[in-house]
Structure formats: C-alpha cells, structure tokens
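Have a look at the structure below, then the notes.
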Amino acid sequence: MPASKNLALKPGKKSAEPNYVLVIHGGAGTMIRDGSTPEQRAKYRAVLSRALKAGYEVLKSGGEAMDAAVEAVSVMEDCPLFNSGHGAVFNIAGKNELETSLMVSKPPASHPAIPSSRRGSSVTLITHTRNPSHLARALYLAPQLAPHPMLSGAAAEATGALLGVRQVDPSYFWTEARWKEHRRGLGLPEDPVEYPRPEIPDDTNSETTDVASLSDDKDKETWEPLDLMPTGTVGAVALDIRGCIAAVTSTGGFTNKLVGRVGDTPVMGSGFWAEEWERDGGFVKRNWDRLRGKSKYEGVGVSGTGNGDYYIRRAAASNIARRMQYLGESLDEATQNVIDDLFKEGGLGGVIALDREGNVALPLNCSGMYRGVIRPDGVPLTAIFFDEQLTELQAGSTNCT
C-alpha cells in the first residue's frame, strides 16, 4: 500500500485568541473495515473524542502541554480497545511489558527549576504501573531521583511509587481479547481461556473505560478489536498557550514480542520527539518574520505508531525535526517524507506531529490509524481508516464510516 496523502490541518486565522491544539493517535496498523460494524467503529471514535476533550480541558484553562498530553493518553490507557495500559498485548511468555515516554520542547512554565537540558523521560519493561504515562511525567519532574533520560523495570516503578504513581497487580492488564490474540499467534487453541480475569477489589472504583458503556450492552464488556495482532501505541502531542510542545506515548509493544524487547516508544528520537530551535536567516529575514508575527523559534513534537523496530533504525521522530530545521521542509513535507521512507523499508505505521504555529500532520502508510485533533473551538475531530478525513462524531451516531 502506498503512503497516504498527508492529512495535515492548519490553524485558524490569526487572531488575539490563544493558540493551542492537541493531536492524538490510538495506534496504526491492520485495521479492517470489511467485517467491522458502525457500532464497533463508533466505540473507538467515542474514546478518541473523550481523550481529546480531557486534554482540551487542560489547555483551555491555560494548563501545560505536558499535562494535557498525559490526560489524553491516560484515557486511552484506561480503555481495553487500545494497545496500552489496560489493553496492552502480551509478550511471547504471556506477560505484559509496557513502555512509555514524555518529551517537551522546553521546560514547563509551572516547573521553572527543571533545566532546559532535561528534555524528557522514558521507561520500559513496566509491569505494575497502572498508567505508564503518569510514571513518565513523575520521573521527568524528579531529576534528583531519576537523573537519567531512560529507566527500566522494577527500579523505575519503585521510584514512581515513591512519587505517588499508582501501582497495580499485573493481572489488571489482562483482557480476554488480547489473551486470545497471544495464544492464536502461538498456534495454541483460544479456548479454554487459561488465564481467567480475576476480581480486583482495589479497583472497584476504577476509572477504566468500560467499553460496554459505549453501547447498549451494559451487562458485560464485549468487544472485538479492529486491529488484529496490533503493533501500535497510543500517543498525544499538545501545544499550549506559552508555545511549549509536549509529546507523550504509551504502548504494550507488539503481540508475542520476545521477553525484554525494547521498542521505539521509550527510545528518544525514534518513537517520540519534541524540540524547539532558533530560526536561521539574516537580518532581513528575521525582521520579515517579526513583522509577520512569527516567533524567533521553530518547534515540533512527534509521536509515532507502528512497527517500532523500523522507527528505531530510521530515528524517525527526530528525523522529522532535522528535515524541518536543515532542509527547510514544512511539517507536512517532513512527516510525509519520513513515513514514505519507512514504507520503502517495510515499516508500516504513522505519526502525529504539530509545530509551534499550530499546524498538524497525521500521515500513515497502512490501512488505518486511530487519530484525532481538537482546537480552541472544542470540537473533537476523529478518523480511523486510511482514506478518511477527520470529522466530528455525532452524539448518538452509529454510522461512522
């Protein structure tokens, strides 16, 4: 399948209104339109809309891009439809090993003590943290406890627990659909289900998104994923009113990955990136930019989804920034070129990205990517498949084609 035409969105007309935007993805890969139902597609889009609105409330109130991105990702981590948090896939040993990352283009205004050289934080091999994105945020804001840009496993989670990040029993991450995918992928019979979902008393007041609550079936959590044997992630990139860009990504990896495998989600520059730099140009260009109301800085934030091994080999996320900075490419051009290069090498997936001007790009080179955008008008726009434009999901609508 050739890479799609980049579905880029531009900000509204220049005005005195604050410029902020949030773009999200819920993974890219082998979504199947044939055989899926309007109700099934509506469930995905309803959660995407919910995630957008959660992050929007932070940005609308003047909050940090970092906090808005974490809020949006948390909604998807709590929903078993997506390959992160509660819906994470299993590795070859039948265990969940999660990954997450956070990066900012500049330190958040609410934490002025954070040095500008501290760009982000990522964690891999997570097994007990309910919301991995919360762990990435907590570690980023605790440079004395976690001075490194990347940590892994039990030590990282123990530090997170000290910082108040909620821990759960690993059974929390089990879902029947993902367990059956795991067994099917190994050539094992799906039934009987050998690892029944236990009761978790401590989570009776859980914020987990009950997929059944999105339909007329309130008696049980019944759902079938659109993405078969997923390799995707969830992610959010936000621009706040101070011009800070934050990228947050979270994933379970891909089904039946080797134990201990590290993907692109925690690898800075591969599956995520956020940065700003001073515009080049002489005296005339700088003054012309100033007269047009342009900032002296450019910036970009990126979150990727797909087969992360290829994103690592291509340093996909930071490559977008370098193409913009050194080749003078627009956000639209840079993201599309990177996605095209991934496709040529066999890497399927997509990226979401935004720049300091509020331009958004969502290119993909596969059958679909759960995605959405929200701007100051507060209208969440979402889409799933390769050839779809972003639209608003009408209240009560089941026709989401």
Side-chain angles (χ1 to χ4, degrees), residues 24-27 51 54-55 65-80 82-89 91 95-104 118-142 145-146 148-168 170 172-173 207 230-238 246-254 257 260-274 301-306 308 311-312 317 351-352:
I24 66 172
H25 70 75
M66 172 183 67
D67 297 332
V70 169
E71 283 295 314
V73 166
S74 296
V75 171
M76 293 183 282
E77 287 175 332
D78 288 339
C79 179
F82 300 100
N83 178 20
S84 64
H86 187 49
V89 299
N91 66 17
K95 305 296 182 182
N96 304 103
E97 292 181 324
L98 287 67
E99 301 178 317
T100 187
S101 58
L102 177 150
M103 194 170 187
V104 292
R118 186 172 175 80
R119 301 278 299 286
S121 181
S122 66
V123 193
T124 188
L125 305 180
I126 298 167
T127 59
H128 288 82
T129 301
R130 177 191 166 93
N131 289 99
S133 62
H134 293 192
L135 178 59
R137 181 185 184 278
L139 295 178
Y140 170 72
L141 295 176
L145 289 177
H148 310 300
M150 181 178 177
L151 294 172
S152 68
E157 293 193 284
T159 303
L162 289 174
L163 296 169
V165 178
R166 185 177 181 184
Q167 306 296 298
V168 294
Y172 165 78
F173 301 110
E207 298 86 1
T231 61
T233 65
V234 305
V237 185
V248 176
T249 311
S250 181
T251 188
F254 64 80
K257 63 185 180 181
R261 181 257 186 182
V262 177
D264 64 314
T265 291
V267 178
M268 193 173 287
S270 297
F272 70 103
W273 192 252
V302 180
S303 176
T305 176
Y311 285 65
I312 293 172
V351 299
I352 58 171

Run the numbers on Asn131 and Asp78 for side-chain contact (heavy atoms from CB on, under 4.5 Å), then give the verdict. CA-CA 8 Å; Asn131 289 99; Asp78 288 339; 3.1 Å; yes
Going by the side chain to side chain contact (heavy atoms under 4.5 Å, CB included) test, name the single residue among Thr249, Val123, Val73 that passes it with Thr100. Val123
Under the side chain to side chain contact (heavy atoms under 4.5 Å, CB included) rule, collect the residues that match up with Asp67, sequence neighbours excluded. Val58, Glu64, Arg137
For a quick check under 3.5 Å, do Glu99 and Thr124 share a side-chain donor-acceptor pair by atom type? yes
Please find the pair of heavy atoms, one from Tyr140 and one from Met66, that lie closest to each other, and give the distance. CD2-SD, 3.9 Å
With a 3.5 Å distance limit and no angle check, can you tell me whether Asn96 reaches the backbone of Val89 through a side-chain donor-acceptor pair? yes
Looking at CD1 of Ile126 and OG of Ser250, how far apart are the two atoms once the value is rounded to the nearest 0.5 Å? 7.0 Å
Within the distance-only criterion (no hydrogens, no angle test), does the side chain of Thr305 pair as donor or acceptor with the backbone N or O of Thr233 below 3.5 angstrom? yes
Report the residues that fulfil side chain to side chain contact (heavy atoms under 4.5 Å, CB included) with Ala155, sequence neighbours left out, ordered by chain and then residue number. none
Quick one: does Leu98's side chain get under 4.5 Å of Glu77's, heavy atoms only? no
Donor on one side chain, acceptor on other, Ser303 and His25, under 3.5 Å: yes
With a 3.5 Å distance limit and no angle check, can you tell me whether Lys257 reaches the backbone of Glu97 through a side-chain donor-acceptor pair? yes
Without swapping roles, check the side chain of Asn83 against the backbone of Gly253 for a donor-acceptor pair under 3.5 Å. yes
Donor-acceptor pairs under 3.5 angstrom involving side-chain atoms of residues 264-273: please list them, not counting sequence neighbours.
unit_1, atom_1, unit_2, atom_2, d
Trp273, NE1, Glu275, OE1, 2.8

Taking His86's backbone N and O only, do any of them form a donor-acceptor pair with Tyr172's side chain (distance below 3.5 Å, no angle check)? no
All heavy atoms of Ala69 vs all of Ala236, minimum pair found to be O-CB, 3.7 Å
Given 3.5 Å as the limit, does a donor-acceptor pair link the side chain of Glu157 with the main chain of Thr129, or not? yes
